[in-house]
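The structure appears right after this line, and notes come after that.
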Amino acid sequence: MVQPYKHEPFTDFTVEANKKAFEEALRKVEAELGKDYDLVIGGERVSTEDKIVSINPANKNEVIGRVSKANRDLAEKAMKVADEAFKWWSKTKPEMRADILFRAAAIVRRRKHEFSALLVKEAGKPWKEADADTAEAIDFMEYYGRQMLKLKDGIPVESRPNEFNRFFYIPLGVGVVISPWNFPFAIMAGTTVAALVTGNTVLLKPASATPVIAYKFVEVLEEAGLPAGVLNYIPGNGAEVGDYLVDHPRTRFISFTGSRDVGIRIYERAAKVHPGQIWLKRVIAEMGGKDTIVVDKDADLELAAQSIVASAFGFSGQKCSACSRVVVLEEVYDQVLNRVVELTKQLTVGNPAEQSTFMGPVIDQSAYNKIMEYIEIGKQEGKLMTGGEGDDSKGFFIQPTVFADVDPQARIMQEEIFGPVVAFTKAKDFDHALEIANNTEYGLTGAVISRNRFNIEKAREEFHVGNLYFNRGCTGAIVGYQPFGGFNMSGTDSKAGGPDYLILHMQAKTTSEMF
Ligand SMILES: NC(=O)c1ccc[n+]([C@@H]2O[C@H](COP(=O)([O-])OP(=O)(O)OC[C@H]3O[C@@H](n4cnc5c(N)ncnc54)[C@H](O)[C@@H]3O)[C@@H](O)[C@H]2O)c1
Ligand SMILES: N[C@@H](CCC=O)C(=O)O
């Protein structure tokens, strides 16, 4: 019998054995760096001349792997394979599909540190962040497997005498899964297995910065028994392969996680019906955030400062959930700001392969340049309290940066920076704080630090974000515990890791029979 779902525990690296095991995994991954990785289409390995070179963002000279790059012809070939495979995969038993996920979860769990070590190298994640990413990937498999078992027989509906009505879900078709680099394992795996376990076939286009971890995951699913053709691995240029597949008349749905601009582009393009297309495409789009922590005047100020620092600078602020705006009631503004600056100055920035590193690099040169430009903008828009410097000589390192006294309408208060930069502003009362918190076009996460029950309840109603947290930071949602997804320009609020998520990958059918 399947055990009740429980999230994967995080590794305690203060335990010497865990530390040693992780160091060993890092050595194993290091010994395998620089290999070539093929596309996987219909179970066959396809090598191309043109490669995506995945590098270590903490050390630009270290090549993680050279990954074959799909073009339109190969994308078309993969589409044909997936379309063909859908005919029989869609008819397989949900129990069998769920079992493949459970087995894949077990395989990853057994080699957990190896996957996390690869995330350290390919995404620049510090140990703790890499461990959490792998744990979340396991959670998605365990959770969605169980969700499918719950949904497999549909949901009971009423019937009248001599009538038998049934309501159940069937798969959609070929899904294009387009994933980001910032949770290169968890989000890539979660979006892929959700589509597979519901009986769809998949074309997986991972982010170009992190294609190797995605390849390793495809291998895991193969080992777990996923038949050839059901999942096809086609990394490639977003604009070329992405646009082609989004427009394709045989694409039934697109599961996208990434930036606002690319999400909007996909949403618009997917709306157009192309010749030969006989359905309206579904789009699941999880996009960016501009996430606020509000600090009330009677809050636990130490908790507030710790929560802000962890949420703003964990994984160098490269989370859609990261705190990039802080709104503090004027009575306690200076205290919170000064404590955050103090804590920020204590953070260690450096090589994420070292256990002691809190913050590693940002992902690549273009992210580095963009964040440094925002820091220059911030210097015009607010008072630089700490940080503000970067060094891209070896890797893409930026100091954790705090700006004070920033106007809520300023660019660094409105635009997603996706780096280790947080801006503070003052509110005259709690209503004013909520008004500021709500005044972005996004609506992903937010947090309120308060001891005032009335204010907590007010925020519950009025703070318009998909994931709202009280007396804690605004990052770190757990699959099955805090379903994740945002409002407004943060996307379609698909709530990954939630009870409604799988249904987005299926269509409901009603049958009614008279006896
Ligand atoms: N809401 C969420 O759950 C969530 C989770 C993680 C990341 N994000 C967001 O993702 C962004 C960071 O990730 P990113 O830099 O990889 O985002 P991105 O939008 O640049 O890329 C995401 C994916 O889209 C692909 N892509 C690019 N152009 C495309 C096109 N024209 N057609 C189809 N695909 C295309 C990329 O190759 C990549 O695989 C941030 O904005 C972050 O907030 C959101
Ligand atoms: N689910 C993650 C964020 C994913 C986006 O980057 C969190 O809750 O922090």
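When a ligand or atom number is given, it counts from 1 through the structure's own listing order.
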Atom indices of ligand 1 within 4.0 angstrom of A239 heavy atoms, with elements: 31 (N)
Nearest-neighbour protein heavy atom for atom 15 (O) of ligand 1, which is reported as residue plus atom name and distance: W181 NE1, 2.8 Å
Donor-acceptor contact below 3.5 Å, side chain N232 vs main chain G229: yes
Protein contact to atom 13 (O) of ligand 1 [nearest heavy atom, distance to 0.1 Å]: P180 CB, 3.5 Å
Ligand 1 contacted by A209 (non-hydrogen, < 4.0 Å): no
Atoms of ligand 1, numbered as shown, that sit under 4.0 Å from any heavy atom of K205: 25 (C), 36 (C), 37 (O), 39 (O)
F183 touching ligand 1 at heavy-atom level, < 4.0 angstrom: no
Option nearest atom 9 (O) of ligand 2 (shortest heavy-atom distance, choices S321, G497, P180): S321
Pairing residues for Q365 by the side-chain hydrogen bond (donor to acceptor under 3.5 Å, both in side chains) criterion, not counting sequence neighbours: N369, D392
Exam field: side chain K112 to backbone I138, donor-acceptor pair closer than 3.5 Å: no
Between T11 and D131, a side-chain donor and acceptor under 3.5 Å: yes
Closest protein heavy atom to atom 38 (C) of ligand 1, given as residue, atom name and distance to 0.1 Å: S179 O, 3.3 Å
I503, CD1 atom: more than 12 neighbouring heavy atoms under 6.0 Å: yes
K51 atom NZ, over 12 foreign heavy atoms within 6.0 Å: yes
For atom 41 (O) of ligand 1, closest protein heavy-atom neighbour: E416 OE1, 2.6 Å
Protein residue, atom and distance nearest to atom 1 (N) of ligand 1, heavy-atom basis: M287 O, 2.7 Å
Ligand-side contact atoms (ligand 2) for residue partner N182, heavy atom cut-off under 4.0 Å: 5 (C), 6 (O)
Part of I363 within contact of ligand 1 (heavy atoms, under 4.0 Å): neither
Atoms of ligand 2, numbered as shown, that sit under 4.0 Å from any heavy atom of A477: 7 (C), 8 (O)
Atom 8 (N) of ligand 1 protein-contacted (non-hydrogen atom, under 4.0 angstrom): yes
Side-chain (T425) to main-chain (V406) donor-acceptor, under 3.5 angstrom: yes
Mutual orientation of the aromatic rings belonging to H113 and F13 [parallel < 30°, tilted 30-60°, perpendicular > 60°]: tilted
Pi-cation contact, Y215 with K35 (under 6.0 Å, within 45°): no
Atom OH of Y267 with >12 non-hydrogen neighbours under 6.0 angstrom: no
Taking atom 19 (O) of ligand 1 as the reference point, the nearest protein heavy atom with its distance: S259 OG, 2.6 Å
Option of least heavy-atom distance to atom 5 (C) of ligand 1 (set: C320, S321, G242): C320
Proximity of F403 and F424 rings by center, below 6.0 Å: no
Min N/O separation F183 to ligand 2 under 3.5 Å: no
Nearest-contact summary for atom 30 (C) of ligand 1 - protein heavy atom, Å: G238 O, 3.3 Å
Ligand 1 contact on I187 by region, counting heavy-atom pairs under 4.0 Å: side chain
Test of proximity, C320 against ligand 2: N or O pairs below 3.5 Å: yes
Identity of the nearest option to atom 31 (N) of ligand 1, non-hydrogen atoms only, from T445, T492, D243: D243
Protein heavy-atom partner closest to atom 6 (C) of ligand 1 - residue, atom, separation in Å: N182 OD1, 3.2 Å
Numbered atoms of ligand 1 (with element) below 4.0 Å of R265, judged on heavy atoms: 31 (N)
